[in-house]
Number of protein chains: 2
Amino acid sequence: MKLEIVTKSDQNDIQNQIILNIKELISFKNLEPGDKLPSERMLSEKFGVSRSNIREAIRKLEFYGILVSKPQSGTFIAEIGTVAMDGMLNDILNLEDPDFKSLVETRILLELKTVRLASLRRTDEDLKKIREALEAYAEKVENGEDAVQEDLLFHLAIANASGNSTMNTFMLIITPEIITNFEKYHVCDSNQSVRGIKEHEEIYKAIESQNPQLAKEKMKIHFGTLYQYCYHSDK
Amino acid sequence: MKLEIVTKSDQNDIQNQIILNIKELISFKNLEPGDKLPSERMLSEKFGVSRSNIREAIRKLEFYGILVSKPQSGTFIAEIGTVAMDGMLNDILNLEDPDFKSLVETRILLELKTVRLASLRRTDEDLKKIREALEAYAEKVENGEDAVQEDLLFHLAIANASGNSTMNTFMLIITPEIITNFEKYHVCDSNQSVRGIKEHEEIYKAIESQNPQLAKEKMKIHFGTLYQYCYHSDK
DNA sequence: TCTTGAAAATTGGTTAACCAGATTGGTTTC
DNA sequence: GAAACCAATCTGGTTAACCAATTTTCAAGA
């Protein structure tokens, strides 16, 4: 178990080292947005790492919008300006893994917004999906089973109905880590789940009646416990 | 240009097709969290695609926390439960590319929060970095140059000072797309930039004096124009 | 001198062979 | 019978050769 983690972080180190090398190369060669990077082969030779490592690092920088690679042509620096590129590269190199508190804080922020947007923009189709998620959750809880997953799917359905694809994506990104940490720290107990049904129903009703203010209010209540955890804990 | 876009989207289609295949395989074989997926070779043969395509799809699902691959051992289904896995896979397959409105909406949401957190948690080191970003921005504007990048670096410095790694990452993710769209739609003109200096300074002062409410207020004012764009446009 | 166009070189993507570490199953040993 | 051990096998990762599309080069033709 230990070993595996070490390799993972080593892997990350290598990737960050490559990104640092690329950054220095760009700076040294005075490359500007739109310019072509040396080929993957050349980079792998120059940095003394495998081409797949290079490709991986390039993918990461592509994800953050700093590079754009065109098939059979080359990898180019995105048109975001030298200054932004340099600043962002620094930030990417300094990125730290999210802690649980940071996740919860972000989740609450996102959800208080998505629930508002959902109540404004939801289609009938959206509403139906939320209803289904709600019922799946209620059924699980009533059977006394663990319903963390169904809980989160209800919230994801709301994010989906918000009509904001960015927030929807972000919710998807943090969800698995929320689940893992919930199970690790046992944040919710079964009593809370029973109460959760009523809270979910209230949120649903607010969305149904297209009342954004009420929806946000009910979501805030629903997050009551988490809120406390987030703002009164040292974790 | 057209061709390139087509290949990109084709590429995406292939990846989504693989993810769909994996989803069906999991369902068909009744695989549960913790179980091992067939090896990459086997999957590539079964689905009739290259192993690198398989690896790429697995990486994507790893990013969304659904799979975990261990070197020299296998790829495993993450411990997030069958229901959550299934629901998330559906959501991932239906993910749509973010539109500009969605980006701006999310940016405003994030920044009104990060500026509050930054004013509460900023260290002296953070403050210094924000100050530097502010000065770089002011200098560019006073020279009559375009300062979109410096503008965003100022905001990223605030996100960095927020002490919330998740929000920081999210800000990094949306920044390049914001830059690209700003340049495309010419959202800001130079007059706005001059006014922007004063606004940035006010935000800085609020963070310096650790006044979260004021900081949020000043940020809201700063977003005035964008706000309008966001809520009174059909785009 | 400029245009044209075909061949050569270069590129990211793909494929297949290979590697080292992990797993597995059976055999030995006590 | 159980524990220890070893070798065969299987795994994700790496490497190197290959591919098809793109870009470059440069000589032929006007």
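Computed from a prediction, not measured in an experiment: that's the story for all the values here. Reminder, nothing fancy here: chain letters follow the sequence lines and each chain counts from 1.
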Measure all distances between protein nitrogen or oxygen atoms and nitrogen or oxygen atoms of nucleotides 10-12 of chain D, and list the pairs falling under 3.5 Å.
{"unit_1": "D:dG12", "atom_1": "OP1", "unit_2": "B:Thr75", "atom_2": "N", "d": "3.2"}
{"unit_1": "D:dG12", "atom_1": "OP1", "unit_2": "B:Thr75", "atom_2": "OG1", "d": "3.3"}
{"unit_1": "D:dG12", "atom_1": "OP2", "unit_2": "B:Glu40", "atom_2": "N", "d": "3.1"}
{"unit_1": "D:dG12", "atom_1": "O4'", "unit_2": "B:Gln72", "atom_2": "N", "d": "3.2"}
{"unit_1": "D:dG12", "atom_1": "N7", "unit_2": "B:Arg41", "atom_2": "NH1", "d": "3.0"}
{"unit_1": "D:dG12", "atom_1": "O6", "unit_2": "B:Arg41", "atom_2": "NH2", "d": "2.6"}
{"unit_1": "D:dG12", "atom_1": "N2", "unit_2": "B:Gln72", "atom_2": "NE2", "d": "2.8"}
{"unit_1": "D:dG12", "atom_1": "N3", "unit_2": "B:Gln72", "atom_2": "NE2", "d": "3.2"}

Can you list every pair that meets side-chain hydrogen bond (donor to acceptor under 3.5 Å, both in side chains) and has a residue in residues 27-38 of chain A, with sequence neighbours left out? none
Provide, to the nearest angstrom, the distance between the CG atom belonging to A:Leu43 and the P atom belonging to C:dT11. 10 Å
Only counting residues at least two apart or in another chain, list the ones meeting side chain to side chain donor-acceptor pair (under 3.5 Å) with B:Thr114. none
With sequence neighbours excluded, tell me which residues meet side chain to side chain donor-acceptor pair (under 3.5 Å) with A:Glu177. none
For A:Phe63, what residues pass the ring-ring contact (aromatic ring centres under 6.0 Å, His included) criterion, not counting sequence neighbours? B:Phe63
Atom-to-atom span, CD of A:Glu45 to P of C:dT11 - whole angstrom: 12 Å
A:Arg41: partners by side chain to side chain donor-acceptor pair (under 3.5 Å), with sequence neighbours left out: none
